[in-house]
Amino acid sequence: MSRQLHARRLEKVQKNVWVEFTELAAKYKVVNLGQGFPDFSPPSFLLESLCNTVNGGFSMHQYTRCFGHPSLVKILAKFFGRILAREIDPMQEILVSVGAYGSLFCAFQALVDEGDEVIIVEPFFDCYESMTLMAGGKPVYVPLKPQKGNGPALSSADWVLCPEELASKFTSRTKAIIINNPNNPLGKVYRREELQIIADLCIKHDVICFSDEVYEWLTYDGAKHIKIASLPGMWERTITVSSAGKTFSATGIKVGWAIGPGHLLKHLQTIHQNSLYHCPTLNQEAVAVAFEREYEMFGREESYFKQLPTQLQAKQLRLTECLRFVGLQPILPEGGYFMITDISSLKVDLDDSSSKDEPYDYRFVKWLIKEKHLGAIPVSAFYSSESRAGIQNYIRFCFAKDDSTLKAAEDILKHWKVQQ
Ligand code: PMP
Ligand code: GLN
């Protein structure tokens with residue numbers, strides 16, 4: 001057959017880091033600090049609500065409302081309405097979709113038109129670039145850079161946007177900016193002043209903000225997560241995306257949502273009703289019950305949103321100590337599941353014959369997987385092809401793992417250190 005089979009918009013989006021490294025991790029049976037998923041159990045109240053939902057009658061196994069199961073959108077509106085200090089209309093201002101991925105996909109398809117520019121903050125969760133391209137848009141990148149002046153950057157807080165550089169990216173063609181707060185892979189949590197600079201530019205240039213907040217409950221050492229939608233003038237131009245996967249340590253549950261003003265949200269609903277239609281009823285009901293619990297517990301010691309960051313911070317410290325012990329300097333994250341570390345001090349004889357054109361961090365992680373059976377993710381995967389060459393010495397570890405997994409990773413790293 002001589003005719004071209006694929007749609008041209010797929011030409012720039014062929015490779016996917018998760019597919020590639022998840023396959024490798026499985027093949028080499030690694031201790032997996034690569035892909036971001038917890039290998040410990042979700043909270044028992046979520047498991048209970050899942051069981052109850054399975055046995056909750058026929059309607060739990062049938063279609064539900066297209067834009068979100070009624071009990072879920074109602075509690076999401078109540079929960080996030082309290083946080084944003086505004087009334088949220090559960091029917092018009094919330095869309096539940098298949099994970100944060102589904103919600104982001106609907107947002108890009110609905111609001112980014114052919115030729116529109118979308119500003120993407122580097123490093124970025126990789127799908128923002130592909131989703132921009134699949135919508136016919138043009139990604140425009142702006143980097144978070146380590147602040148110069150006071151020694152090496154040791155915390156994600158040291159990585160900042162240059163306000164002038166950011167401002168220079170806004171043009172009459174800019175339709176949207178996407179931020180990820182807390183950021184994957186860096187762990188940066190934006191301070192209010194930083195969000196204000198972004199907000200001022202969005203308002204000045206009449207630009208929409210997509211704010212991916214899937215790690216919103218996971219902040220460390222007093223870092224405070226602030227929703228950009230809560231800044232004056234931002235609600236009407238922000239789509240906030242989050243997900244039950246990260247909220248309740250159950251990435252397989254695939255329930256995510258977009259929250260925003262009706263005049264934007266209705267377009268996401270149009271995409272959703274004609275593509276995914278709805279997200280599994282069972283999972284939505286179970287997540288609704290879990291959110292009801294968290295609504296009652298909010299701010300209390302029993303709240304999972306309070307307990308989980310405490311647990312994860314201990315894991316983060318544990319991995320930090322181990323990486324320092326083997327001579328690495330991790331960048332301490334203020335939030336999220338991940339920590340990145342510079343690997344340039346590790347002298348490794350990579351077998352370069354097969355993949356010379358790949359970035360160094362890709363080759364390094366492949367070597368780590370094959371030779372040391374330790375999974376990680378190359379950080380250049382979170383950069384545009386233009387920026388990739390300048391960022392080849394970092395890899396990302398996920399610390400949202402069971403202590404036994406972290407111990408196994410420590411054993412590998414320490415044993416390696418002894419051998420060197
Ligand atoms: N955004 C970010 C920043 C992520 O790390 C992930 C992966 N969890 C997603 C979105 C996708 O989330 P979900 O699994 O809910 O689709
Ligand atoms: N969000 C996850 C991570 O950053 C992975 C997403 C995926 O596997 N597609 O590790």
Side-chain angles (χ1 to χ4, degrees), residues 13 15-26 30 32-39 42 46 68 72 76 95-108 120-132 144 156 178-190 210-219 225 228 239-259 272 276 279-280 283-284 286-287 290 308 312 333-340 365 375-383 394-401 405:
V13 296
K15 271 195 123 186
N16 181 291
V17 64
W18 312 113
V19 173
E20 185 175 9
F21 282 87
T22 304
E23 272 174 24
L24 273 180
V30 294
N32 198 353
L33 302 192
Q35 196 183 23
F37 66 91
D39 61 356
L46 180 74
L72 180 57
L76 288 174
L95 170 69
V96 174
S97 191
V98 180
Y101 266 114
S103 312
L104 287 165
F105 183 73
C106 290
F108 278 90
I120 302 179
V121 179
E122 289 180 312
F124 56 86
F125 185 52
D126 62 313
C127 74
Y128 306 159
E129 180 183 58
S130 345
M131 287 192 188
T132 302
L144 286 163
S156 58
I178 177 151
I179 61 167
N180 181 203
N181 183 25
N183 170 280
N184 173 7
L186 191 55
K188 182 182 175 62
V189 176
Y190 289 82
F210 298 152
S211 188
D212 179 347
E213 304 184 1
V214 296
Y215 303 102
E216 61 189 318
W217 303 110
L218 307 177
T219 58
H225 178 256
I228 195 165
I239 299 287
T240 304
V241 169
S242 195
S243 136
K246 299 292 146 78
T247 299
F248 295 114
S249 309
T251 59
I253 207 162
K254 291 306 280 186
V255 172
W257 48 90
I259 302 183
H272 186 82
L276 300 153
C279 180
N283 294 7
Q284 292 195 68
V287 171
L308 183 61
L312 291 193
E334 302 152 275
Y337 270 9
F338 311 106
M339 178 150 57
I340 70 170
V365 172
I377 297 292
V379 167
S380 69
F382 301 86
Y383 282 82
Y394 286 96
I395 64 172
R396 188 197 83 171
F397 287 116
C398 175
F399 53 82
K401 299 290 174 185
T405 311

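Numbers for residues simply follow the sequence, beginning at 1. Computed from a predicted structure; not experimentally measured. One-based numbering, in listed order, for ligands and for the atoms of each.
The ligand atoms of ligand 1 that sit less than 4.0 angstrom from a heavy atom of Asp212 are 1 (N), 2 (C), 3 (C), 10 (C). Below 4.0 Å from some heavy atom of Tyr101 lie the following atoms of ligand 2, by number and element: 6 (C), 7 (C), 9 (N). The distance from ligand 2 to the heavy atoms of Lys246 drops below 4.0 Å at these ligand atoms: 1 (N).
Remark: Lys401 fails to qualify as a cation-pi partner of Tyr337 under the 6.0 Å distance and 45° angle criteria applied to the six-membered ring.
The main-chain N or O of Gly187 is found under 3.5 Å from a side-chain atom of Ser156 such that the two form a donor-acceptor pair.
Using a 4.0 Å cut-off between heavy atoms, Tyr101 contacts ligand 1 through both its backbone and its side chain. By the criterion of a heavy-atom distance under 4.0 Å, the side chain of Asn184, and not its backbone, is placed next to ligand 2. Of all the heavy atoms of Tyr337, none lies under 4.0 Å from any atom of ligand 2, so neither backbone nor side chain is involved.
Within the structure, ligand 2 has Phe125 among the residues with a heavy atom less than 4.0 angstrom away. Heavy-atom separations between Gly99 and ligand 1 include at least one value shorter than 4.0 Å. Phe37 does not count as a contact of ligand 1, since none of its heavy atoms falls under 4.0 Å from the ligand.
The protein non-hydrogen atom at the shortest distance from atom 7 (C) of ligand 1 is Lys246 NZ, 3.0 Å. The nearest heavy-atom contact from the protein to atom 8 (O) of ligand 2 is Gln35 NE2, 2.6 Å. Protein heavy atom nearest atom 7 (C) of ligand 2, with residue, atom name and distance: Trp18 CG, 3.4 Å.
Ile377 has its side chain out of reach of Pro185: every pair of non-hydrogen atoms, C-beta onward, lies at least 4.5 Å apart. Looking only at side-chain heavy atoms (C-beta outward), Val121 and Tyr190 come within less than 4.5 Å of each other.
At a cut-off of 3.5 Å, with distance as the only test, no side-chain donor of His225 or Thr219 sits close to an acceptor on the other residue. Judged purely by distance below 3.5 Å, without hydrogens or angles, the side chains of Ser242 and Glu216 pair a donor atom with an acceptor atom. Using modelled atom types, one finds no donor on one side chain facing an acceptor on the other under 3.5 Å when comparing Tyr215 with Asn180.
The pair Glu20-Lys15 meets the salt-bridge criterion, with a side-chain N (NZ, NE, NH1 or NH2) lying under 4.0 Å from an Asp/Glu carboxylate O.
Among the atoms of Tyr215, some N or O lies under 3.5 angstrom from an N or O of ligand 1. For ligand 1, the polar-atom distance check against Lys254 finds a nitrogen or oxygen pair separated by under 3.5 Å. Taking any N or O of Phe338, backbone or side chain, none lies under 3.5 Å from an N or O belonging to ligand 2. Of the N or O atoms in Asn180, none lie within a sub-3.5 Å distance of an N or O in ligand 1.
Distances from atom 9 (C) of ligand 1 to the heavy atoms of Phe105, Phe125, Trp18, Phe338 show the closest one on Phe125. Selection from Ser103, Ala100, Pro182, Gly36 by nearest heavy atom to atom 12 (O) of ligand 1 gives Ala100.
Within the 6.0 Å centre-distance limit, the rings of Phe210 and Phe108 are counted as a close aromatic pair. Residues Tyr101 and Phe125 place their aromatic rings such that the two centres sit under 6.0 Å apart.
Atom CD of Glu122 is separated from atom CG of Leu186 by 12.0 Å, given to the nearest 0.5 angstrom.
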